[in-house]
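Below is one structure, written out as structure tokens; comments come after it.
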There are 2 protein chains.
Amino acid sequence: MPELIPLSYVETIAKAGSIRKAADTLAITSTALNRRVLALEDEFGVPIFERLPRGVRLTTAGELLVQHIRSQRSDVAKLQSQIADLKGERRGHVSIACSQALLPYFLPAEIAAYRKQHTAVTFGVYLRDRAAAEQALADFSADVALVFEPVRLSNVQVLATFPQTVYAVMRAGHPLARRGVIRLGDVSQYPVGLPTSPYGVRQLIDHALVRSSARLDVAIESDNFQFLRRYPAEDDLITFQIPIGLPGQDGMDGMVVRPVDARDIPQGLLYLCQLKNRTLPVAAAKFAVQLERSLVEQLGEFE
Amino acid sequence: MPELIPLSYVETIAKAGSIRKAADTLAITSTALNRRVLALEDEFGVPIFERLPRGVRLTTAGELLVQHIRSQRSDVAKLQSQIADLKGERRGHVSIACSQALLPYFLPAEIAAYRKQHTAVTFGVYLRDRAAAEQALADFSADVALVFEPVRLSNVQVLATFPQTVYAVMRAGHPLARRGVIRLGDVSQYPVGLPTSPYGVRQLIDHALVRSSARLDVAIESDNFQFLRRYPAEDDLITFQIPIGLPGQDGMDGMVVRPVDARDIPQGLLYLCQLKNRTLPVAAAKFAVQLERSLVEQLGEFE
DNA sequence: CTTACTGCTGCATTCAATGCATCGCTTTGC
DNA sequence: GCAAAGCGATGCATTGAATGCAGCAGTAAG
């Protein structure tokens with residue numbers, strides 16, 4: 001699909017930082033590339049690149065142009081996926097930006113289920129924090145984002161939200177394991193492990209602690225959910241997770257999870273999003289629908 | 001802006017119905033054009049055109065492609081208008097599809113006011129009935145549509161709605177002219193002139209008549225609002241208009257308008273629309289904002 | 001059966017895009 | 001300070017991909 005995305009060399013130059021370097025990676029001479037840039041600037045009547053002593057940098061107009069090119073690329077992908085769809089091939093590619101909690105169980109199962117039906121569809125799964133996920137949507141490097149408690153949601157269209165109760169994770173023999181629902185006051189008697197502050201679960205807990213008289217003994221802090229989920233097996237410590245990041249009934253080898261009372265820590269929301277005003281390629285749209293269905297079912301299981 | 005819209009020849013061929021005719025209008029040989037088509041079909045792996053004995057016709061894939069090309073053209077226009085905007089030129093073009101009522105007074109005044117500020121912006125104003133206006137949005141031949149009581153509104157995004165009371169139009173000496181508000185029962189004593197059935201005003205009146213005991217003596221029927229507005233000057237006949245299609249206090253030379261009681265004929269809605277999920281070019285977006293403001297003011301005047 | 005119109009293809013041509021060499025400029029390193 | 005290195009821009013020769021020409025095969029209309 002060569003000339004379906006013209007001007008894509010502009011992106012290469014912007015990334016490389018100089019015309020000569022970009023010409024190298026494009027395997028053409030700098031002359032040719034330079035000429036294309038000049039011709040393009042002539043057409044628009046505006047400089048696309050700012051000439052610096054050590055290379056070039058996009059002007060404001062150039063940034064608009066790059067945005068346009070990316071949007072166009074995504075449109076072409078959509079078109080190709082539509083055409084492939086009516087060829088009966090069900091091809092395509094889906095890029096997903098998501099929070100950590102989705103990676104260990106939920107997305108692998110979902111993607112495997114989807115690919116079982118549509119084997120020609122390929123996937124890209126990228127761990128992005130809440131801000132980076134929105135950025136990924138904006139520059140078309142992701143089709144959909146699945147994030148817990150996102151930040152601002154500007155330029156983002158919410159396809160669906162799913163409430164997520166915070167669960168306490170502990171070893172099976174832990175005293176609190178006998179209770180059905182955990183109160184925050186109970187937990188304050190034990191050391192806890194928390195995610196670092198950028199994460200949604202931590203935000204919810206921090207907010208809860210402000211309003212509450214309880215204080216937590218934070219013995220462990222980590223930015224890795226996998227670590228936080230496994231650690232209580234070795235210690236009396238309690239950590240917190242949302243259900244989407246937990247394995248099913250089996251596979252909890254020696255550990256148990258108990259919901260935290262919603263009066264203490266309110267439910268957070270898991271957001272399924274896409275870029276505002278964008279029509280997704282067929283594959284991505286269908287996958288989003290499947291995600292929505294599965295998440296609604298998943299919800300029922302844990303309630 | 002030549003090669004910013006590649007593939008645009010596909011549209012030309014589709015419209016011409018044959019490669020050779022299209023080649024004529026494009027001022028190139030049929031050979032070259034044919035080659036491009038073959039190359040394109042090779043890239044997509046799907047025939048774009050169906051070969052008929054007397055020419056070609058778009059396949060399903062081809063129709064998708066044409067839709068994509070139109071969308072792309074509109075995107076490029078948006079980009080250029082954005083770039084022109086930051087050049088301080090405020091250039092651009094706005095295409096408007098609208099009902100008859102907007103043409104005599106409202107749009108001329110609005111466009112003139114806009115062009116006073118942005119002289120480099122050009123306009124296209126096209127009379128389209130309610131169904132055709134939506135079609136015009138869909139194929140990107142119009143940026144915004146202003147229609148009274150539209151039909152289905154699929155694939156259309158409503159930017160704003162404005163209630164429009166139906167007004168009775170009569171000569172100044174008419175007996176009913178002494179009343180402040182007209183009841184449908186009063187009108188039934190006189191002959192009336194109505195727009196033909198596709199128009200929103202007629203729809204409202206027809207609906208009103210079904211529910212009401214009153215019957216109207218339809219002496220004149222026309223699809224031209226200009227005619228219906230002027231005719232009562234020569235006759236005791238009464239016609240109906242919405243305020244947006246009427247001149248201000250002056251310029252009614254010998255005629256008066258009186259609102260029809262909303263209990264008899266409910267208010268209709270004037271819709272300001274754009275294509276769903278489309279980002280308008282700067283000029284069109286700004287003009288839409290101006291329209292919205294003016295219409296809100298206009299509303300105050302007549303209430 | 002002829003005529004006219006269609007899309008398609010082999011071969012020669014041409015012109016726009018490319019490559020080469022070089023200039024003018026700024027920053028970097030000694 | 002002065003040479004070196006890296007950058008974008010430009011004049012000139014070259015090349016190859018897109019074009020044009022002529023002719024093919026097929027179908028519908030008269």
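By convention in this document, chain letters (A, B, ...) are assigned in the order of the sequence lines, proteins followed by strands, and residues within each chain are numbered from 1. None of these values were measured; they are calculated from a predicted model.
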**Fill in**
Nucleotide by nucleotide, nucleotides 16-22 of chain C touches protein heavy atoms under 4.0 Å in the pattern (B base, S sugar-phosphate only, - none) --BBBB-
**Pairs flagged by ring-ring contact (aromatic ring centres under 6.0 Å, His included) wherever residues 120-141 of chain B is involved - sequence neighbours left out** =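 Qualifying pairs, neighbours excluded: B:Tyr114-B:Phe123, B:Phe123-B:Phe287.
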Mind checking what makes side-chain contact (heavy atoms from CB on, under 4.5 Å) contact with [X], not counting sequence neighbours?
{"X": "B:Ser197", "value": "B:Arg202"}
{"X": "B:Ser154", "value": "B:Arg152"}
{"X": "B:Ala101", "value": "B:Phe225, B:Ile242, B:Ile244"}

**Item:** Stretch residues 47-60 of chain B: residues that reach within less than 4.0 Å of DNA chain C through a heavy atom
**Value:**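 Contacting residues: B:Arg51, B:Pro53, B:Arg54, B:Gly55, B:Val56.
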**Asked** Can you name the side chain to side chain donor-acceptor pair (under 3.5 Å) partners of A:Ser222, sequence neighbours left out?
**Response**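 Side chain to side chain donor-acceptor pair (under 3.5 Å) check on A:Ser222 returns nothing, list empty.
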**Prompt:** Which whole-number value in Å describes the distance from B:Leu38 CG to C:dG10 C1'?
**Reply:**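 Checked: the CG to C1' distance equals 14 Å.
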**d(CG, A:Asn34; P, C:dC23) in whole Å** =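 The answer, rounded to whole Å, is 17 Å.
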**Prompt:** Closest heavy-atom contact between B:Ile96 and B:Ala142?
**Reply:**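 Scanning both residues completely, I find the closest heavy atoms to be C-CB, 4.5 Å.
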**Asked** What salt bridge (charged side-chain N to carboxylate O under 4.0 Å, His left out) pairs are there with at least one residue in residues 47-66 of chain A, not counting sequence neighbours?
**Response**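 Pairs touching residues 47-66 of chain A that pass the test: A:Glu41-A:Arg51, A:Glu50-A:Arg57.
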**Prompt:** 5' to 3' on DNA chain D, which nucleotides open and close the contacts with chain A (atom under 4.0 Å from a heavy atom)?
**Reply:**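 Counting from the 5' end, contacts occupy D:dC7 to D:dC12.
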**Request:** Mind checking ring-ring contact (aromatic ring centres under 6.0 Å, His included) for B:Phe227 and listing every partner two or more places apart, or none if nothing turns up?
**Result:**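 Partners of B:Phe227 by the ring-ring contact (aromatic ring centres under 6.0 Å, His included) criterion, ordered by chain and then number, come out as B:Tyr231.
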Would you mind writing out the side-chain donor-acceptor pairs for residues 64-71 of chain B within the sub-3.5 Å range, not counting sequence neighbours?
{"unit_1": "B:Arg70", "atom_1": "NE", "unit_2": "B:Glu11", "atom_2": "OE2", "d": "2.9"}

List the atom pairs, with distances to 0.1 Å, where a side-chain N or O of residues 20-30 of chain B and a protein N or O form a donor-acceptor pair under 3.5 Å, not counting sequence neighbours.
{"unit_1": "B:Thr25", "atom_1": "OG1", "unit_2": "B:Ala22", "atom_2": "O", "d": "2.9"}

